[in-house]
Amino acid sequence: MADTSDTDDGGHFLQAVNETFDRAARLSDHPHGLLRQIRACNNTLSVSFPLERDDGSVEVIQGWRAQHSNHKTPVKGGVRFAPTVSGDEVRALAALMSYKCAITDVPFGGAKGGVLLDGTRYSQDERERITRRYAFELAQKDYLGPAVDVPAPDYGTGPREMAWILDTYRTLRPDELNGAACVTGKPIAHGGVRGRLEATGLGVCFGLREACSVGEDMESLGLETGLEGKSVVVQGLGNVGYHAARHLRSEGARIVGIAEHDGAIVDESGEGFDVAAVRERMDAGGSVTDHPGATVLEESRKALELDCDILIPAALEAQITGENVDRLRASIVAEAANGPVTAEADAALRDRDVLVVPDLYLNAGGVTASYFEWVKNLTHLRFGRMEKRFQEASARRMMDAVEGLTERTFAPEARARAAEGADEEDLVRSGLEETLVPAYRELRETAREHDTDLRTAGFLMAIDKIATIYRDRGIFP
Ligand code: NAD
């Protein structure tokens with residue numbers, strides 16, 4: 001059997017991540033040894049295990065977990081189930097996680113896991129056996145635990161898989177008081193945090209709102225400031241793509257194209273799709289192409305070439321390549337997926353002054369909300385539980401005082417709205433915004449200071465932050 005640990009695609013992805021790192025490192029003045037340490041992947045675990053299929057046959061399943069950087073612990077990163085996973089791919093994704101956590105000040109090192117499988121070929125029971133065995137392998141080798149390594153959902157996995165990982169961990173370590181913090185992205189009933197499911201997509205929306213609010217940048221692209229009225233094409237209406245599209249629509253953007261694995265749809269009306277309705281049909285077992293009134297593109301990839309203001313690849317890596325980049329017509333490419341633009345295409349987009357909002361910043365909302373979930377699990381306390389009622393009572397007292405002074409009364413609706421204390425979802429959303437808004441400003445400032453693009457600037461910010469930690473520990477001069 002072919003060794004799938006270093007497939008061409010995964011290798012190219014890792015090479016592209018490292019090349020960007022090198023480009024950013026040349027703009028820094030850190031010593032060579034320190035830069036090499038930051039760039040290196042610390043550990044990769046490779047596992048193979050048997051799966052008994054529902055029909056009694058046995059298959060060998062391959063998986064990986066890469067821990068890129070232990071400069072902060074635990075390390076953190078999603079687990080993906082996909083037919084394209086390889087050792088190099090998870091190493092590339094783990095490196096991105098380290099840089100992503102650094103630029104958003106999320107206190108984790110980077111990691112990533114993957115299992116090589118085509119999810120559509122396996123029953124739910126088989127997927128459960130695969131997930132549990134993968135979690136068992138990680139736990140046995142000390143690659144899973146609240147203080148060590150904390151997985152989360154990624155492509156092809158979601159809350160259900162995270163609940164299986166937690167349950168497996170609890171079986172192995174029943175006395176671990178903080179066991180729930182061994183994995184994030186869990187269902188709420190298993191210690192998940194409200195708002196985690198939508199967090200990556202909502203973060204994409206916050207990031208794009210910031211990018212589109214910079215008048216100077218929009219003017220140079222020939223666009224108006226703000227999201228209102230912007231035309232958007234989304235590739236991949238999964239967790240990230242769906243929530244990003246939903247929030248962008250609520251901010252006034254028009255979702256004019258949606259690409260899925262089995263076809264794409266284009267909205268000719270100019271109104272934009274009701275993405276919730278599109279997704280509902282898909283969830284009920286239909287195809288994106290079933291949406292009434294939509295123009296269908298049989299070749300899904302062609303949607304990337306549609307005329308639009310913002311193109312959001314939100315599926316897998318290497319979607320915008322040397323082959324199709326010249327046909328792209330978007331002014332802004334928003335990397336909701338990890339690594340959707342190859343190095344060659346990235347260089348072409350830079351030459352054309354297309355604004356690329358890079359993955360390591362734009363999809364960091366997921367790990368940010370995962371950080372909140374981890375904190376919630378360690379404190380054993382739901383966010384908002386202590387202060388919600390107190391805030392409500394304070395707001396009511398304040399309004400009573402104002403009414404007493406002015407002899408005017410608040411309308412009942414306004415009074416009810418103003419007296420609403422923050423619940424967990426409000427606080428998670430607020431924490432996300434507070435993380436992503438300043439991070440964009442810092443990213444843009446760094447890019448301007450060094451006369452470079454946002455991706456290189458993001459790597460440079462990450463290098464500086466990680467270097468400071470090593471230096472503060474006295475490991476490097
Ligand atoms: P998902 O599995 O929920 O959704 C992926 C969607 O893409 C699916 O609907 C799938 O059918 C579709 N798709 C697959 N191949 C396609 C193709 N060739 N063309 C169009 N659509 C295609 O995955 P997700 O969690 O949304 O992750 C998507 C991307 O976002 C990945 O790159 C992942 O690493 C990244 N990401 C995810 C998170 C997270 O919190 N889930 C966080 C950060 C980054």
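All of these numbers come straight from a predicted model, not from anything done at the bench. Just so you know, ligand 1 is whichever comes first in the structure, and atom 1 is the first atom listed for that ligand.
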Next item on the list: Under the side-chain contact (heavy atoms from CB on, under 4.5 Å) rule, collect the residues that match up with A24, sequence neighbours excluded.
Entry: T456, F459, L460, I463

Notebook entry, point to check: V234 pairs by side-chain contact (heavy atoms from CB on, under 4.5 Å) with which of V204, L311, I255?
Noted result: I255

Margin query: Test your reading of the model: is there a side-chain donor-acceptor pair from S370 to the backbone of V367, 3.5 Å cut-off?
Written below: no

Item checked: ring pair (Phe, Tyr, Trp, His ring centres under 6.0 Å) partners of F21, counting only residues at least two apart -> Y99

Checklist line | Residues in the immediate environment of ligand 1 (any heavy atom closer than 4.0 angstrom) | finding: R80, P153, D154, Y155, G156, R196, T200, Q235, G236, L237, G238, N239, V240, A259, E260, H261, S300, A314, A315, A336, A337, N338, N363

Note to self: Show the nearest heavy-atom pair for residues A315 and Y155, with the distance to one decimal.
What the structure shows: O-CD1, 3.7 Å

Notebook entry, point to check: According to the salt bridge (Lys or Arg N to Asp or Glu O under 4.0 Å) rule, which pairs have a member within residues 11-25, sequence neighbours left out?
Noted result: D22-R39

